[in-house]
Chemist: 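Here's a structure for you.
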Protein chains: 2
Amino acid sequence: MPDRGAGQKPTSGEGLLFLTDDQLRRGIEAMFFAYRGFTADPDRILQQYSYGRAHHRAIHFIKRSPGNTVNNLLDILGVTKQSLNRVLRALIEDGLVESRVGKQDRRERHLYLTESGQELEKELSEAQRGRMRAAYRDAGPEAVAGFRQVLEQIMDPEMRSHFKTFKENS
Amino acid sequence: MPDRGAGQKPTSGEGLLFLTDDQLRRGIEAMFFAYRGFTADPDRILQQYSYGRAHHRAIHFIKRSPGNTVNNLLDILGVTKQSLNRVLRALIEDGLVESRVGKQDRRERHLYLTESGQELEKELSEAQRGRMRAAYRDAGPEAVAGFRQVLEQIMDPEMRSHFKTFKENS
DNA sequence: AGTTTATGTCAGCCTTGTTGACTTTCCAAG
DNA sequence: CTTGGAAAGTCAACAAGGCTGACATAAACT
């Protein structure tokens, strides 16, 4: 496997070795394998309720900012309204999510988790946090800071702003 | 949004603040948003060839260790053979991947990228590396080390061993 | 000779994404 | 007060890419 061409250049004798194509490739594979682990535990739980990852994402972000409109959620999740609607309809029918007509603008629907919605959310997020907590603990606070820093750079700028908005909200 | 119950405990007055549920939630959302960015550029390219992410993954890992058997690839990708086969068949028909009968064990098929396979791989990986390189550069080497460390902890152990095996191979 | 292994393939199902077309509701500007 | 357009919901159709189950073949192993 040759192909050492691209971003190599020993620009100056110093420590830019972390920018070699090989290092980047490792980062890419790490993202791939880690994301699988990241979703594995919630996926197992969701299966028992015959829900999918899409339901988890909706539940997460409704819990995250209750009262959000559908349009807002659409923006965050980056899917079409038809796609979200299918998921949302199931969650509403099953009594996990409540959709309230807006007071100022009555076209808008504001989304909230019901009691049982909160329960499922807790089950899912506790499973996911469990793994994250173990990873964080093993890696230590400096590693975690780096982790978050790199992830933030990988995001699309719009998503970065979503992410940052969330931060402030908390 | 209360729910501060779970992993909190100010165990000792010191700096375990990075293990709070809130910090974990931020890490979780960072993973979600970052993964979207991570796949965005290759996805755009793949669309032009009417391929999907599954094709990208296959191409990546064939490039990564040429001559690998189908079974091996199955293990790494964590999908069923039927699922992989569909993707592999397309890539072989389109002349991007070559499948050679094993010499010792003639039941095995060993997979290689053809010339055009290499070309697409290069286009895809350069796009993906571009974003990663920018992220790495902005975050700096210490952050990158932490990033990789945390990701490795998030993986399932089997995947971690896959990942480490790859490291040594390079 | 019989069993196991590696691979491929057919058929069918599910989730979750997409587009496009259309309706209903309802705010707000003319 | 009417009308334009935004927000939301719905229907239909489709595609990618997961899955299971059943079965076929060739080769290797015992």
Side-chain angles (χ1 to χ4, degrees), chain A residues 32 35-36 39-40 42-62 67-94 97-112, chain B residues 32 35-36 39-40 42-62 67-94 97-112:
Chain A
F32 170 66
Y35 199 78
R36 283 247 297 279
T39 55
D43 280 356
R44 263 188 293 275
I45 294 167
L46 289 159
Q47 231 181 333
Q48 298 165 5
Y49 295 84
S50 23
Y51 288 140
R53 234 175 255 181
H55 301 83
H56 183 192
R57 291 199 281 261
I59 288 171
H60 174 98
F61 285 108
I62 293 171
N68 241 238
T69 62
V70 172
N71 243 358
N72 223 292
L73 195 53
L74 241 31
D75 231 47
I76 291 165
L77 295 176
V79 297
T80 58
K81 64 172 177 173
Q82 293 92 330
S83 213
L84 177 58
N85 202 260
R86 183 166 35 199
V87 162
L88 233 34
R89 204 188 317 164
L91 292 174
I92 291 169
E93 276 174 10
D94 296 352
V97 168
E98 197 190 342
S99 163
R100 296 186 204 150
V101 174
K103 283 186 177 171
Q104 283 98 352
D105 187 335
R106 294 174 53 205
R107 289 167 302 179
E108 293 177 346
R109 299 300 136 94
H110 299 266
L111 302 168
Y112 300 87
Chain B
F32 170 66
Y35 199 77
R36 282 249 296 279
T39 55
D43 280 356
R44 264 188 291 275
I45 294 167
L46 288 158
Q47 232 181 331
Q48 297 166 3
Y49 295 84
S50 19
Y51 287 140
R53 234 175 254 181
H55 301 83
H56 183 192
R57 290 198 280 262
I59 288 171
H60 174 98
F61 285 108
I62 293 171
N68 240 239
T69 63
V70 172
N71 243 357
N72 223 291
L73 194 53
L74 242 31
D75 231 49
I76 292 165
L77 295 176
V79 297
T80 59
K81 63 172 178 171
Q82 294 92 327
S83 216
L84 177 57
N85 201 259
R86 184 165 35 196
V87 162
L88 232 35
R89 204 189 316 167
L91 292 174
I92 291 168
E93 275 173 11
D94 296 352
V97 167
E98 197 191 341
S99 164
R100 297 185 204 152
V101 173
K103 284 186 177 173
Q104 284 100 351
D105 188 334
R106 294 175 53 204
R107 288 171 305 180
E108 295 178 343
R109 298 300 136 91
H110 299 267
L111 302 169
Y112 300 87

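Proteins come first, then strands; the chains are lettered A, B, ... in the order of their sequence lines, and each starts at number 1. Predicted, not measured: the structure shown is a model, and the values here were computed from it.
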Chemist: Nearest whole Å is fine: how far is dA7(D) P from Asn68(A) CG?
Modeler: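 About 14 Å, once rounded to whole Å.
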
Chemist: Enumerate, atom names and distances included, each donor-acceptor pair closer than 3.5 Å involving a side-chain atom of residues 47-56 of chain B, sequence neighbours excluded.
Modeler:
| residue | atom | partner | partner atom | Å |
| --- | --- | --- | --- | --- |
| Tyr49(B) | OH | Glu123(B) | OE1 | 2.7 |
| Tyr51(B) | OH | Asp94(B) | OD2 | 2.3 |
| Arg53(B) | NE | Asp43(B) | OD1 | 3.3 |
| Arg53(B) | NE | Asp43(B) | OD2 | 3.2 |
| Arg53(B) | NH2 | Thr39(B) | OG1 | 3.3 |
| Arg53(B) | NH2 | Asp43(B) | OD2 | 2.8 |
| His55(B) | ND1 | Gly52(B) | N | 2.9 |

Chemist: Report the residues that fulfil side chain to side chain donor-acceptor pair (under 3.5 Å) with Asp105(B), sequence neighbours left out, ordered by chain and then residue number.
Modeler: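 Once residues adjacent in sequence are excluded, the partners of Asp105(B) under the side chain to side chain donor-acceptor pair (under 3.5 Å) criterion are Arg107(B).
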
Chemist: With respect to the phosphate group of dA16(D), does any side-chain polar atom (N or O) of His55(B) fall under 4.0 Å of OP1 or OP2?
Modeler: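 So the side-chain polar atoms of His55(B) never come under 4.0 Å of the phosphate oxygens OP1 or OP2 of dA16(D).
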
Chemist: For Leu77(B), enumerate each residue passing the side-chain contact (heavy atoms from CB on, under 4.5 Å) test, keeping only those at least two apart in sequence or located in another chain.
Modeler: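 side-chain contact (heavy atoms from CB on, under 4.5 Å) check on Leu77(B) returns Phe32(A), Arg57(B), Phe61(B), Leu73(B), Val79(B), Leu84(B).
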
Chemist: Please find the earliest and latest nucleotides of DNA chain C, in the 5' to 3' direction, that have an atom within less than 4.0 Å of any heavy atom of chain B.
Modeler: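 The footprint of chain B covers dT5(C) to dC10(C).
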
Chemist: Considering heavy-atom distances to DNA chain C, does Arg57(A) or Glu108(B) have its closest nucleotide positioned more toward the 5' end?
Modeler: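 Nearest nucleotide further toward 5': that of Glu108(B).
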
Chemist: Going 5' to 3' through nucleotides 22-30 of chain D, assign each nucleotide B (protein heavy atom under 4.0 Å from a base atom), S (under 4.0 Å only from sugar-phosphate atoms) or - (no protein heavy atom that close).
Modeler: B----BS--

Chemist: Show your reasoning for whether side-chain contact (heavy atoms from CB on, under 4.5 Å) applies to Leu74(A) and Asn71(A).
Modeler: CA-CA 5 Å; Leu74(A) 241 31; Asn71(A) 243 358; 3.7 Å; yes

Chemist: Distance check: side-chain N/O of Arg86(A) vs OP1/OP2 of dA12(D), anything under 4.0 Å?
Modeler: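 For dA12(D), OP1/OP2 do not have a side-chain N/O of Arg86(A) under 4.0 Å.
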
Chemist: Heavy-atom nearest nucleotide on DNA chain C for Ser83(A) versus Val101(A): which residue maps closer to 5'?
Modeler: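 Final value for this comparison: Ser83(A).
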
Chemist: Taking side-chain contact (heavy atoms from CB on, under 4.5 Å) as the definition, give me every residue that meets it alongside Asp75(B), ordered by chain and number, with sequence neighbours left out.
Modeler: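 Partners of Asp75(B) by the side-chain contact (heavy atoms from CB on, under 4.5 Å) criterion, ordered by chain and then number, come out as His162(B).
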
